[in-house]
4 protein chains.
Amino acid sequence: MSKEKIIPAAIEVFSENGYHRASMDEIAMRAQVAKGTLYYNFPSKSQLFKMVVKAGFEDIMRRTEADLNASLSLEEMILRVIRHHLDLFLESHHVAHIVFNEISNGIEQDVLDELKQLRRQHLNFLAKILEEGKCDDNLLRDVDSNLAAASIVGTIESTCNYYLSHQDEYSRQDLEHFIFTIITKGLFTSIE
Amino acid sequence: MSKEKIIPAAIEVFSENGYHRASMDEIAMRAQVAKGTLYYNFPSKSQLFKMVVKAGFEDIMRRTEADLNASLSLEEMILRVIRHHLDLFLESHHVAHIVFNEISNGIEQDVLDELKQLRRQHLNFLAKILEEGKCDDNLLRDVDSNLAAASIVGTIESTCNYYLSHQDEYSRQDLEHFIFTIITKGLFTSIE
Amino acid sequence: MSKEKIIPAAIEVFSENGYHRASMDEIAMRAQVAKGTLYYNFPSKSQLFKMVVKAGFEDIMRRTEADLNASLSLEEMILRVIRHHLDLFLESHHVAHIVFNEISNGIEQDVLDELKQLRRQHLNFLAKILEEGKCDDNLLRDVDSNLAAASIVGTIESTCNYYLSHQDEYSRQDLEHFIFTIITKGLFTSIE
Amino acid sequence: MSKEKIIPAAIEVFSENGYHRASMDEIAMRAQVAKGTLYYNFPSKSQLFKMVVKAGFEDIMRRTEADLNASLSLEEMILRVIRHHLDLFLESHHVAHIVFNEISNGIEQDVLDELKQLRRQHLNFLAKILEEGKCDDNLLRDVDSNLAAASIVGTIESTCNYYLSHQDEYSRQDLEHFIFTIITKGLFTSIE
DNA sequence: TATGAATGAGTGTTCATTCAT
DNA sequence: AATGAATGAACACTCATTCAT
């Protein structure tokens, strides 16, 4: 079936070029199908894009979930969440870029809405992990879990970007450690 | 002079549509000048975009700097940095979006490089504030200042985005407080 | 197929306007296809132009070759070469003009190079005919065949141009006779 | 006066780019005058072009005439005519190209007419030299002088073009000698 | 006499989308 | 289910020309 050839090609092309510079011609070429086949399987470019982003979100949520279980400590859980997101960002940061950033202006409104909803789902997914952690012990500060989830994603995203253009100065270990520290303990050393 | 009409129009149009969907025709129309006038004043779309982004970065750095002085405590300084960035994000989050996010694929490589340098300058600006704070007292954890700066920006950006679609659930005060807390003290309540 | 509609239209438009004044819009209109169809079939204006020129060169070489055979005397061969070139110049002197003249500045360098090569091939074609003639008898002066070929083409071109704006003063027969005489015997009556 | 700065700049730019690719901006820049100054001194691009071509024709005719006098033999005269035209073609073949070739389609009709007239004048100039030579002795074949003039120019032009891309194979002496031979004695060795 | 900012019609090119096969 | 030729609206950019100063 053609869909299975199209999606990976679309991921590639969208990742390398961003939504607007990606062309359906290029995707068809990489997928080794005719251009018409794209439109036979997906109603439009923006819908195809949505499928790609959706697949990205689902992938990271699936992968993360598979690696978490109730017996883990909250610290370990957060570490693993960070690690999986780092994997996504570093191994295929182009995909990550479109998944987390390219949800920008200039996409058809209806698709844009669906993309925002996907992002919301992802944040919910993270927020829920935090919520569950809250119950267990009193480790977690009493902050809004959704905002906390957003700040985790923002921190990962932004530091990864920085890391990607300064790879000679830090190791991946350094980065992971930094993110874990800053997210869990913040900038200040002082006790509250 | 036309430049003064073009820049605000360009900010508007780039903000509303992102780089690729923004059209020079639209910008010319909003600026009430002929299309040729755009090209008389700016060599290309990407260069015009660069000017807009540059102006954005310079604006926030100027505004922030003007509000900081040596007599402030580190906490107060960080608070003000956050506050100014929040201002930019919330008052004109479209500008902020292009300034901090739209540095994406599909822009001419040379301009892209300059944009990345602008971003680096902005991070340096924040990192320097942190560096100076480090000297004063032992309040700051010994982490890399550049990564720390990146994580601050990422947190602000990401939580603002979330806030913007959930404005009914939080006040601006809540948001500011949350960001300050999470950045300075992190998620965990425990002492190291 | 569209190509068959585009080429003749392109010949027309390039001939009437020269390379730079010819517009893809005009060619599309004359070919009765959409502008996009031009670009579906030819990658660019300059490539389309190249195809037209190439077709012109190939046409005259094919036509000339088809009319020559080993049994002809050298004089007869040269006469036929002149005649065929005259046909091209007079019957469709616009095509001839672009084929022989419009290889000018301001065309993309790569295409320009290919056009120059086409011209070289045509001169080679003529030079080879002369070379073969040289062997047969001792009729031909011992001059460089390539320069000789160039001078034949230059003479035909230039006199045709003159003829075209003075058609009332000469017959086509006069012109053909003049060219043959001047090329084979030169201006002077004297014996060497 | 600005005109004196504009004309040489225009020659340069038209020569390097041909009529259509030459831009008034470039000419103004090279002439070190403002763009408006061009239009203050010349009503339009095509008129400016005409002045350049006219200057070219006048120059070669003046130079040639200055070097001819009644005491010279016809052979010597023709040799000098060839030599002066070769000078023009080889020393500044870009000027020559526009003077002799770029009188093509796509120039405003009125200017085109004037350019054709200039070319006619130049051919007349050459034809008159031939006519005068005819009287002296019976050296010249009885052919139409205008066509003969056209064929001389065509031969020079075409062989020069060939020479310019094969300069390693011939000397300027070779070329001059070839042109003189082919023009005066033609391709054939046989006596009439 | 000279300027240069401003113009706007025109150009080559791209690309998502359609549809007959 | 799949194709690929054809489309046409949209786009960035150019440039001869004008005109207020």
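Everything quoted here is computed from the prediction, not taken from an experiment. We name chains A, B, ... by the order of the sequence lines, and we start the count at 1 in each one. Any value given below was found using the heavy atoms of this structure, including those in side chains, with hydrogens, waters and symmetry copies removed.
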Q: Find the distance C:Glu26:CD to E:dG12:C1' and express it as a whole number of Å.
A: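 Those two atoms, CD and C1', are 15 Å apart.
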Q: Decide yes or no for D:Ser23 and D:Glu26: does some side-chain heavy atom of the first lie under 4.5 Å from some side-chain heavy atom of the second?
A: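 Answer yes - side chains close enough.
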Q: If only side-chain N and O atoms of D:Asn41 are considered, is one of them under 4.0 Å from the OP1 or OP2 phosphate oxygen of E:dT1?
A: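 No, because none of the side-chain N or O atoms of D:Asn41 sits under 4.0 Å from OP1 or OP2 of E:dT1.
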Q: So which protein nitrogen or oxygen atoms get under 3.5 Å of nucleotides 17-21 of chain F's nitrogens or oxygens?
A:
{"from": "F:dT17", "atom 1": "OP2", "to": "D:Tyr39", "atom 2": "OH", "distance (Å)": "3.1"}
{"from": "F:dT17", "atom 1": "OP2", "to": "D:Lys45", "atom 2": "N", "distance (Å)": "2.9"}
{"from": "F:dT17", "atom 1": "O4", "to": "D:Lys35", "atom 2": "NZ", "distance (Å)": "3.0"}

Q: Across all strands shown, which nucleotide pairs with F:dA20 by Watson-Crick or G-U wobble geometry, both distances under 3.5 Å?
A: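 With both distances under 3.5 Å, F:dA20 matches E:dT3.
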Q: Roughly, in whole Å, what's the span from CE in D:Met29 to C1' in F:dC15?
A: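 Taking atom C1' of F:dC15 as the reference, CE of D:Met29 is at 15 Å.
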Q: Does the pair C:Asp113 and C:Gln117 meet the rule for a side-chain hydrogen bond (donor to acceptor under 3.5 Å, both in side chains), with working shown?
A: CA-CA 6 Å; C:Asp113 289 342; C:Gln117 206 197 323; over 6 Å; no
Q: Whether B:Glu16 and B:Arg30 form a salt bridge (side-chain N of Lys/Arg under 4.0 Å from carboxylate O of Asp/Glu) is what I want to check.
A: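 A salt bridge links B:Arg30 with B:Glu16.
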Q: Tell me what D:Ala28 touches on the nucleic acid: a base, only sugar-phosphate, or nothing, going by heavy atoms under 4.0 Å.
A: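 Nothing: the residue D:Ala28, judged by heavy atoms under 4.0 Å, touches no strand.
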Q: Starting at atom CE of C:Met1, determine the distance to atom P of F:dG4, rounded to an integer number of angstrom.
A: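 Answer to the nearest Å: 12 Å.
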Q: Can you tell me the distance, in whole Å, between the NZ atom of A:Lys5 and the P atom of F:dA1?
A: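 It works out to 15 Å between those atoms.
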Q: Find the distance C:Gln32:CD to F:dT7:P and express it as a whole number of Å.
A: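 That distance rounds to 10 Å.
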Q: Could you give the CD1-to-C1' distance, from C:Ile27 to E:dT11, as a whole number of Å?
A: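 About 12 Å, once rounded to whole Å.
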Q: Round to the nearest Å and state the distance from A:Lys3 atom NZ to F:dA2 atom P.
A: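 So the two atoms are 10 Å apart, to the nearest Å.
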Q: Taking atom P of F:dA1 as reference, at what distance in whole Å does atom CD of A:Glu4 sit?
A: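 One finds 13 Å between P of F:dA1 and CD of A:Glu4, rounded.
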Q: Does B:Ser23 or C:Ser2 map to a spot on DNA chain F nearer the 5' end, using the closest nucleotide for each?
A: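 This one resolves to C:Ser2.
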Q: Does the cation-pi check pass for D:Lys45 over D:Tyr19, that is, NZ or CZ under 6.0 Å from the six-membered ring centre and within 45° of its axis?
A: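 Yes, a cation-pi geometry.
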Q: Quick check on side chain to side chain contact (heavy atoms under 4.5 Å, CB included): which of D:Leu48, D:Val33, D:Ile7 does D:Ile27 satisfy it with?
A: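 It is D:Leu48; the other options fail the test.
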Q: Any idea how B:Phe57 and B:His122 line up, ring-wise: parallel (<30°), tilted (30 to 60°), or perpendicular (>60°)?
A: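 Answer is tilted, since the angle falls between 30° and 60°.
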Q: Taking the side chain as every heavy atom from C-beta outward, state whether B:Glu114 and B:Gln47 have any pair of such atoms under 4.5 Å apart.
A: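 Heavy-atom side-chain distance check passes, below 4.5 Å.
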